[in-house]
Peer 1: 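Pasting in a structure now, in structure tokens, and then I'll have a few things to ask.
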Amino acid sequence: MSVVLLVRHGQASFGADDYDRLSARGEAQSRALGVELRERRIEPARIVTGCMRRQRETALQLIAGAAWDAQPDIDTGWDEFDASSLIAASADVEENSGTDPRAFQRLLERASTRWASGEHDADYAETFSAFQARVAAALDRVVDGLGSGQTAVVVSSAGAIAWVASQLIGGDFSQWLALNRVAVNSGVTKLVVGASGTSLVGFNDHCHLAHPDVTYR
């Protein structure tokens with residue numbers, strides 16, 4: 001069997017002028033994961049990342065921590081959905097979540113529910129169904145490029161990873177939303193690929209964050 005490890009990016013800079021970059025903690029989380037994967041003797045045949053800055057920076061920190069002699073391939077299919085546009089299109093646009101991540105999460109979930117309903121597709125540059133198709137195609141590209149027994153490491157974001165996980169267990173939108181909500185920065189979701197197809201065997205592994213300096217909080 002082949003293995004695909006889906007890695008959520010490290011902690012981004014929530015509340016900063018430029019959210020789309022790793023915080024110091026996000027860098028530490030990503031390096032710690034690299035060290036953990038090296039200790040597990042994982043040598044990926046391929047490393048893939050979306051084109052978002054926080055994803056690319058995570059991949060580079062992970063590679064450094066693992067001491068891999070590799071460079072990531074860029075595949076925009078692994079980019080996160082545009083949360084800002086979802087919120088802007090929702091009826092809650094005037095609500096101010098400030099720098100409270102819990103308030104922002106509640107606002108985003110209401111906006112995501114509106115997005116996924118399919119009743120307002122004209123309001124979005126990328127519909128929910130288009131997002132699903134984009135991520136599915138990105139996963140197909142990774143799986144198709146793996147030989148027997150090989151491993152791929154993919155750095156993406158919570159929404160894309162949660163969609164893959166929920167679909168592989170036959171989940172619906174509610175399942176996707178629940179998995180998206182609990183996805184941990186630098187957490188690892190494991191897929192195995194065999195004769196019967198692709199299966200989810202682990203979600204959100206973050207044992208590498210046990211050290212207090214790299215906690216996900």
Side-chain angles (χ1 to χ4, degrees), residues 3-38 42 44-66 68 70-86 101 104-105 108 112 125-126 130-143 145-146 151-166 176 179-191 202-206 208-209 214 216:
V3 173
V4 179
L5 301 179
L6 302 179
V7 177
R8 188 191 178 193
H9 61 77
Q11 184 188 69
S13 299
F14 185 79
D17 290 339
D18 182 8
Y19 169 78
D20 191 22
R21 59 183 174 84
L22 292 185
S23 65
R25 176 167 289 172
E27 292 177 351
Q29 291 168 338
S30 305
R31 288 194 303 273
L33 175 58
V35 171
E36 173 71 18
L37 295 182
R38 181 181 64 198
I42 292 174
R46 189 181 180 201
I47 303 168
V48 181
T49 177
C51 74
M52 293 175 152
R53 180 177 175 179
R54 60 189 181 273
Q55 297 170 339
R56 291 182 286 110
E57 289 180 348
T58 296
L60 294 177
Q61 292 289 340
L62 190 160
I63 289 168
W68 291 330
Q71 290 296 318
D73 297 324
I74 305 296
D75 185 340
T76 58
W78 290 108
D79 286 357
E80 184 62 297
F81 61 85
D82 187 349
S84 297
S85 70
L86 266 60
F104 176 79
Q105 184 65 31
L108 179 58
S112 297
E126 180 179 54
F131 164 74
Q132 292 174 303
R134 167 168 66 81
V135 177
L139 178 60
D140 286 343
R141 287 191 290 272
V142 170
V143 170
L146 280 181
T151 296
V153 173
V154 178
V155 179
S156 186
S157 295
I161 294 170
W163 184 85
V164 170
S166 65
W176 172 74
L179 293 177
N180 191 15
R181 184 184 304 129
V182 299
V184 169
N185 292 125
S186 76
V188 180
T189 292
K190 183 176 180 179
L191 315 179
F203 177 73
N204 216 24
D205 177 10
H206 53 282
H208 58 285
L209 299 181
V214 292
Y216 61 91

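Predicted, not measured: the structure shown is a model, and the values here were computed from it.
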Peer 1: So, using side-chain hydrogen bond (donor to acceptor under 3.5 Å, both in side chains) as the criterion, who are the partners of Ser157 when residues are at least two apart?
Peer 2: Gln55
Peer 1: Is it true that a side-chain atom of Arg38 and a backbone atom of Gly65 form a donor plus acceptor pair closer than 3.5 Å?
Peer 2: yes
Peer 1: Within this structure, what is the CZ-CH2 distance for the pair Phe81 and Trp163, rounded to the nearest 0.5 Å?
Peer 2: 14.0 Å
Peer 1: Taking all non-hydrogen atoms of both residues into account, name the closest pair between Val182 and Phe203 and its distance.
Peer 2: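 Between these two residues, the closest heavy atoms are CG2-CE2, 4.1 Å.
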Peer 1: Please evaluate residues His206 and Val188 with respect to the criterion side-chain contact (heavy atoms from CB on, under 4.5 Å), reporting the C-alpha separation (whole Å), side-chain torsions for both, the decisive distance (0.1 Å), and the verdict.
Peer 2: CA-CA 7 Å; His206 53 282; Val188 180; over 6 Å; no
Peer 1: My understanding is that only residues two or more places apart in sequence, or in another chain, count here; which of them pass salt bridge (Lys or Arg N to Asp or Glu O under 4.0 Å) with Glu27?
Peer 2: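 With neighbours one apart ignored, the set is empty.
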Peer 1: The criterion is side chain to side chain contact (heavy atoms under 4.5 Å, CB included); which residues satisfy it with Ile42, sequence neighbours excluded?
Peer 2: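 With sequence neighbours excluded, Ile42 shows a side chain to side chain contact (heavy atoms under 4.5 Å, CB included) to Leu5, Leu37, Arg40, Pro44, Trp68, Thr151, given in chain and number order.
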Peer 1: Here's a test for you: under side chain to side chain contact (heavy atoms under 4.5 Å, CB included), which of Leu60, Thr58, Val155 qualifies with Pro72?
Peer 2: Leu60
Peer 1: How far does CG of Leu22 sit from CD of Gln11, to the nearest 0.5 angstrom?
Peer 2: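 Answer for the CG-CD pair, Leu22 versus Gln11, is 9.0 Å.
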Peer 1: Please enumerate all residues that pass salt bridge (Lys or Arg N to Asp or Glu O under 4.0 Å) together with Arg134, with sequence neighbours excluded.
Peer 2: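 In terms of salt bridge (Lys or Arg N to Asp or Glu O under 4.0 Å), with neighbours along the sequence ignored, Arg134 is linked to Glu126.
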Peer 1: For Cys51, is there any backbone N or O sitting under 3.5 Å from a side-chain donor or acceptor partner on Asp79?
Peer 2: yes
Peer 1: Would you say that Asn185 contacts His9 through its side chain, given a criterion of any heavy-atom pair below 4.5 Å between the two side chains?
Peer 2: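 Yes - at least one pair of side-chain heavy atoms lies under 4.5 Å apart.
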Peer 1: Does the pair Leu62 and Ile47 meet the rule for a side-chain contact (heavy atoms from CB on, under 4.5 Å), with working shown?
Peer 2: CA-CA 10 Å; Leu62 190 160; Ile47 303 168; 5.9 Å; no
Peer 1: Distance check, rounded to the nearest 0.5 Å: His208 atom NE2 versus Leu33 atom CG?
Peer 2: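 CG of Leu33 is found 4.5 Å from NE2 of His208.
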Peer 1: How long is the span from the CD1 atom in Ile161 to the CG atom in Leu179, to the nearest 0.5 Å?
Peer 2: 11.0 Å
Peer 1: If I take atom CG from residue Asp205 and atom OG1 from residue Thr189, how far apart are they, to the nearest 0.5 angstrom?
Peer 2: 8.5 Å
Peer 1: Under the side-chain hydrogen bond (donor to acceptor under 3.5 Å, both in side chains) rule, collect the residues that match up with Asp140, sequence neighbours excluded.
Peer 2: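 Residues passing side-chain hydrogen bond (donor to acceptor under 3.5 Å, both in side chains) with Asp140: none at all.
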Peer 1: Counting N and O atoms only, with roles assigned by atom type, does the side chain of Asn180 sit under 3.5 Å from a partner on the main chain of Ala162, one being a donor and the other an acceptor?
Peer 2: no
Peer 1: Is there side-chain contact between Leu191 and Val143, with at least one heavy-atom pair below 4.5 Å?
Peer 2: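 Leu191 vs Val143: side chains apart.
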Peer 1: Without swapping roles, check the side chain of Ser186 against the backbone of Ser30 for a donor-acceptor pair under 3.5 Å.
Peer 2: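 Checked: no pair found.
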Peer 1: Quick check: do Leu209 and Gln29 have side-chain heavy atoms less than 4.5 Å from each other?
Peer 2: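 In contact.
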Peer 1: Check this for me: does any side-chain nitrogen of one of Arg141 and Asp75 sit under 4.0 Å from a carboxylate oxygen of the other?
Peer 2: yes
Peer 1: Mind checking side chain to side chain contact (heavy atoms under 4.5 Å, CB included) for Ala152 and listing every partner two or more places apart, or none if nothing turns up?
Peer 2: Val142, Leu146
Peer 1: Checking the side chain of Arg8 only, and the main-chain atoms of Ala183 only, is there a donor and an acceptor separated by less than 3.5 Å?
Peer 2: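 A pair under 3.5 Å: yes.
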Peer 1: Atom CZ in Arg181, atom OG in Ser112: separation rounded to 0.5 Å?
Peer 2: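 One finds 10.5 Å between CZ of Arg181 and OG of Ser112.
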Peer 1: Let's go through Glu80 and Arg54 carefully: what are the C-alpha distance in whole Å and the side-chain angles of both, what is the deciding distance for side-chain contact (heavy atoms from CB on, under 4.5 Å) to 0.1 Å, and is it a yes or a no?
Peer 2: CA-CA 11 Å; Glu80 184 62 297; Arg54 60 189 181 273; 3.9 Å; yes
